[in-house]
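Only one structure is covered here, and it is reproduced in the block below.
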Amino acid sequence: MLHHMLGWGDEGSVVMGKRFSEIADEVRAGWSDEAAAVHAASARTFQAEMDLRADLGAEISRLRGARRLTQPDLQRLSGIEQAEISRIERGVGNPTLATLEKLSRALGGRIVLVDAEAGR
């Protein structure tokens, strides 16, 4: 396992440095309480967005599988590139509404908003 990353020293020489996590920890240690609170809130928001993307991707993958379609099949039906379908299904894509509408139509589904509070 690589414990250090390479960095550039004086005059372009390569030197061993600290891991990113060590540097980040040192920087965070100097943050004010307000900065730490902003970071924590941002991290929660980011994680919630990533969770939503993962859930969306899993649902698209589930619908595609239920219809016995491959990603190339879905590409032909929707006009969305297979690589983008893969990114969306893995939760790393950031699809537009137009992309979601095309995928939804190709899968025989529709996009609806659900009251998240009602489901609790």
Side-chain angles (χ1 to χ4, degrees):
M1 177 196 254
L2 182 63
H3 290 285
H4 290 85
M5 61 183 182
L6 296 176
W8 295 102
D10 294 335
E11 299 179 27
S13 61
V14 177
V15 297
M16 296 300 286
K18 295 180 181 179
R19 289 182 301 177
F20 177 81
S21 61
E22 292 173 308
I23 296 168
D25 289 343
E26 289 174 8
V27 170
R28 278 194 290 269
W31 286 355
S32 67
D33 290 343
E34 181 180 2
V38 168
H39 176 266
S42 297
R44 285 190 301 275
T45 300
F46 177 77
Q47 188 59 55
E49 183 175 327
M50 296 309 293
D51 291 346
L52 285 172
R53 287 182 189 186
D55 291 346
L56 174 65
E59 183 62 12
I60 289 171
S61 179
R62 185 192 70 75
L63 288 171
R64 182 177 57 75
R67 285 151 181 79
R68 299 187 196 288
L69 297 172
T70 63
Q71 288 180 351
D73 292 337
L74 185 53
Q75 175 183 345
R76 282 188 292 283
L77 292 170
S78 67
I80 304 300
E81 292 294 324
Q82 183 273 325
E84 179 64 8
I85 294 168
S86 175
R87 284 189 291 273
I88 294 166
E89 288 186 357
R90 288 181 289 122
V92 297
N94 189 17
T96 65
L97 180 56
T99 295
L100 293 175
E101 288 174 336
K102 290 175 183 179
L103 291 172
S104 177
R105 266 186 262 122
L107 291 167
R110 61 188 174 104
I111 298 172
V112 296
L113 293 176
V114 177
D115 185 353
E117 296 295 321
R120 290 184 183 175

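The model shown is predicted, which means the values in this text are computed figures rather than measured ones. Computed from heavy atoms alone, side chains included, the values below leave out hydrogens, waters and symmetry copies.
- Under the 4.5 angstrom side-chain criterion for Ile, Leu, Val, Met, Phe, Trp and Tyr, the cluster partners of L74 are L56, I60, L63, L69, L77, I80, I85, I88, L97, L100, L103, L107, I111.
- For the atom pair OG of S61 and CD of Q71, the computed distance is 7.5 Å after rounding to the nearest 0.5 Å.
- For the pair E84 and R87, the minimum side-chain heavy-atom distance is below 4.5 Å.
- Note that CZ of R44 and NE2 of H39 are 10.5 Å apart. Values are rounded to the nearest 0.5 Å.
- Residue E26 places its CD atom among more than 12 non-hydrogen atoms of other residues, nucleotides or ligands, all under 6.0 Å distant.
- The nearest pair of heavy atoms linking D73 to R68 is OD2-O, 4.2 Å.
- Residues S42 and T45 have side chains that never bring a donor and an acceptor to within less than 3.5 angstrom of each other.
- We find the CD-CD distance between E89 and E59 to be 11.0 Å, quoted to the nearest 0.5 Å.
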